[in-house]
Asks: 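Have a look at this one before I ask anything.
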There are 2 protein chains.
Amino acid sequence: MPTDTRERLVDAGAELFRLQGFAGTGIKAILAEAHAQFSSLYHHFPGGKDELAEEVIRTTGAAYQELVKAVWDQADDVVLGVESVFEGAAAVLEATDYADACPIATVALEVASTNERLRVATADVFGDWVLGATLKFTEVGIGAGQARRLALSVIALLEGSFILARATKDTEPVRAAGQTAVDAVRLTLEALGRRSRPEPPSRPLHAG
Amino acid sequence: MPTDTRERLVDAGAELFRLQGFAGTGIKAILAEAHAQFSSLYHHFPGGKDELAEEVIRTTGAAYQELVKAVWDQADDVVLGVESVFEGAAAVLEATDYADACPIATVALEVASTNERLRVATADVFGDWVLGATLKFTEVGIGAGQARRLALSVIALLEGSFILARATKDTEPVRAAGQTAVDAVRLTLEALGRRSRPEPPSRPLHAG
DNA sequence: GTCTATAGAAGGATAGAC
DNA sequence: GTCTATCCTTCTATAGAC
C-alpha cells in the first residue's frame with residue numbers, strides 16, 4: 001500500500017540480505033516482509049531470486065555510496081571527511097545493535113565463488129566506490145596511483161572493521177581503522193606538501 | 001587424507017563454509033565431501049550443523065593464525081613481516097582463483113545477527129588474532145594502545161581487501177592494503193624512534 | 001497484476017538394525 | 001560407530017483462476 005510492489009520487494013530484499021545474507025534469506029521471508037505474493041515477485045523479476053538480488057546489490061550499493069559521499073562532503077576537508085565516514089559508520093552500528101553496516105559485504109563473500117552473475121554485480125559496486133573515493137583524493141592534488149591506493153585502503157579498512165565490529169559487537173575496530181585511514185590520508189597530503197614547500201609537521205602524526 | 005571421520009567432517013565443513021558460507025552449505029554436501037554418513041555427523045556432533053560449524057570456526061581460526069604467524073616470523077623485522085603476510089595472501093588468492101582467503105569471514109558476517117553461538121565463536125577467533133598481532137607490535141617497543149590499534153587496522157585491512165579481491169578477482173586491493181599496513185607500522189616505529197620516552201602518552205588526534 | 005494452490009527438490013534431523 | 005531408510009520442514013519456482 002505505501003509504495004509500489006516492486007519497490008517494496010527490493011527494500012525487503014535489501015534489509016534481509018544485509019542482515020542474513022543471500023543464502024540465509026528465503027523468498028518467502030522477503031515476500032512476507034514486503035507484504036507481496038509469489039506472483040508479484042516473478043512478475044517484476046522473471047529471473048527469480050537472482051534477479052531480485054542483483055537489483056538489490058546495485059541499488060543499495062549506489063545508495064550507500066551516495067550516503068557516504070554526503071557525510072564526506074559535509075566535512076571541511078578530506079581528512080575530516082574520512083574521519084566523519086568512520087565515525088558515522090560506528091554510530092550507525094551502535095544504533096542498530098551492530099546489524100547495519102555494509103549493505104552488500106555479506107552477499108559479496110557468499111557469491112564470490114558460487115554465483116557469477118551476483119559476483120559481477122558486487123564487483124561493479126565496489127568498482128564504483130573505488131572510483132568515487134579515488135576522485136576525492138585526486139581532487140586535492142594526490143596523484144592517480146596514490147589516490148587509488150588510498151581509496152582501496154580506506155574501503156578495505158571500512159569493510160574489514162565492519163566484520164570485526166559486527167562479530168564482536170564493539171565499535172573499537174571501526175574507530176581504530178578510522179584513525180589509521182585518517183593517518184594514511186594525512187601522511188600522503190603532508191608528503192605532497194613537502195614537495196612543493198618544505199615544512200615539517202608541527203606535531204607527531206601518531207599520538208594515540 | 002585424514003582417516004578419522006570426525007576430522008574429515010571438520011575439514012569438509014571448513015572448505016565448504018569458506019567457499020559457500022554457512023547457510024549456503026547443506027549438511028548433505030558436507031557428508032558427501034567427507035565421505036561420511038548422517039549418523040557419523042550426529043554421533044560426533046550431537047548439536048548438528050551448529051556444533052560442527054562452531055568447531056570449524058574455532059579450529060580453522062586457530063590454524064589460520066598459526067599460518068599467518070609462521071609467515072610473519074619468517075621475515076627479518078615487523079615491517080617485512082606485515083608485508084609478507086599480505087604478499088602471501090595475495091599469492092594464495094591468485095593460486096586458488098580467489099576462493100581461498102579468510103576461513104571465517106563469510107560465516108562471521110552471515111551469523112553476526114542471526115546465530116549468537118556462532119557469532120561468539122567468530123568473535124573469540126578475531127579476539128585471539130588481535131591479541132596475537134598486538135603482541136607482535138608491543139614486542140618491538142610499541143605502546144599497548146598503539147599496538148592494539150595497529151593490530152585491529154592490519155586485520156581490518158586484510159579482511160576488507162579480501163572482500164574486494166574476491167569480488168573483483170584481482171589482487172590489487174590486497175597489495176594496496178598491504179602497502180598501507182606497512183606504511184602505518186613503519187610510521188609508528190619511526191615516530192617511536194624520534195622519542196626519548198619509551199611509552200608515548202595516549203592522546204586522541206582530534207581533541208574536541 | 002494479483003490471488004490460491006502445489007509441484008519438485010533440498011534442507012536439517014532422527015530411528016532402528018547391525 | 002556405521003549403515004539404510006525416513007520424517008517433516010523449507011526452499012525455489014510454476015500453474016491456473018480471476
Asks: Could you check whether A:Glu116 pairs with A:Arg119 (Lys NZ or Arg NE/NH1/NH2 to Asp/Glu carboxylate O, under 4.0 Å)?
Replies: yes

Asks: Taking CG from B:Leu16 and P from C:dG11, how many angstroms apart are they, rounded to a whole number?
Replies: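 The distance from CG of B:Leu16 to P of C:dG11 comes to 11 Å, rounded to the nearest Å.
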
Asks: Whether the A:Thr25 and A:Gln20 side chains hold a donor-acceptor pair (N or O, under 3.5 Å, no angle test) is what I'd like checked.
Replies: yes

Asks: Return the orientation label for the B:Trp129 and B:Phe126 ring planes: parallel under 30°, perpendicular over 60°, tilted otherwise.
Replies: perpendicular

Asks: Which nucleotide span of DNA chain D, 5' end to 3' end, has atoms closer than 4.0 Å to non-hydrogen atoms of chain A?
Replies: D:dC11 to D:dT14

Asks: Give the rounded distance in Å between these two atoms: NZ of A:Lys49 and C1' of C:dA9.
Replies: 14 Å

Asks: Of all residues at least two apart in sequence or in a different chain, which pass the ring pair (Phe, Tyr, Trp, His ring centres under 6.0 Å) check with B:Tyr98?
Replies: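 Once residues adjacent in sequence are excluded, B:Tyr98 has no partner under the ring pair (Phe, Tyr, Trp, His ring centres under 6.0 Å) criterion.
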
Asks: In a check of side chain to side chain contact (heavy atoms under 4.5 Å, CB included) between A:Phe86 and each of A:Leu157, A:Val71, A:Val182, which one passes?
Replies: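 By the side chain to side chain contact (heavy atoms under 4.5 Å, CB included) criterion, A:Phe86 pairs with just one of A:Leu157, A:Val71, A:Val182: A:Leu157.
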
Asks: Reckon A:Ser39 touches a base, only the sugar-phosphate, or nothing at all at heavy-atom distances under 4.0 Å?
Replies: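 Here A:Ser39 touches the bases of the nucleic acid.
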
Asks: Looking only at the side chains, is there a donor atom on one of B:Ser113 and A:Arg166 sitting less than 3.5 Å from an acceptor on the other?
Replies: yes

Asks: Quick check: on DNA chain D, is the nucleotide nearest A:Gly26 upstream (toward 5') of the one nearest B:Lys28, or the reverse? Name the residue that is more 5'.
Replies: B:Lys28

Asks: Tell me the interatomic distance from B:Ile30, atom CD1, to C:dG11, atom P, rounded to whole angstroms.
Replies: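 To the nearest whole Å, that distance equals 10 Å.
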
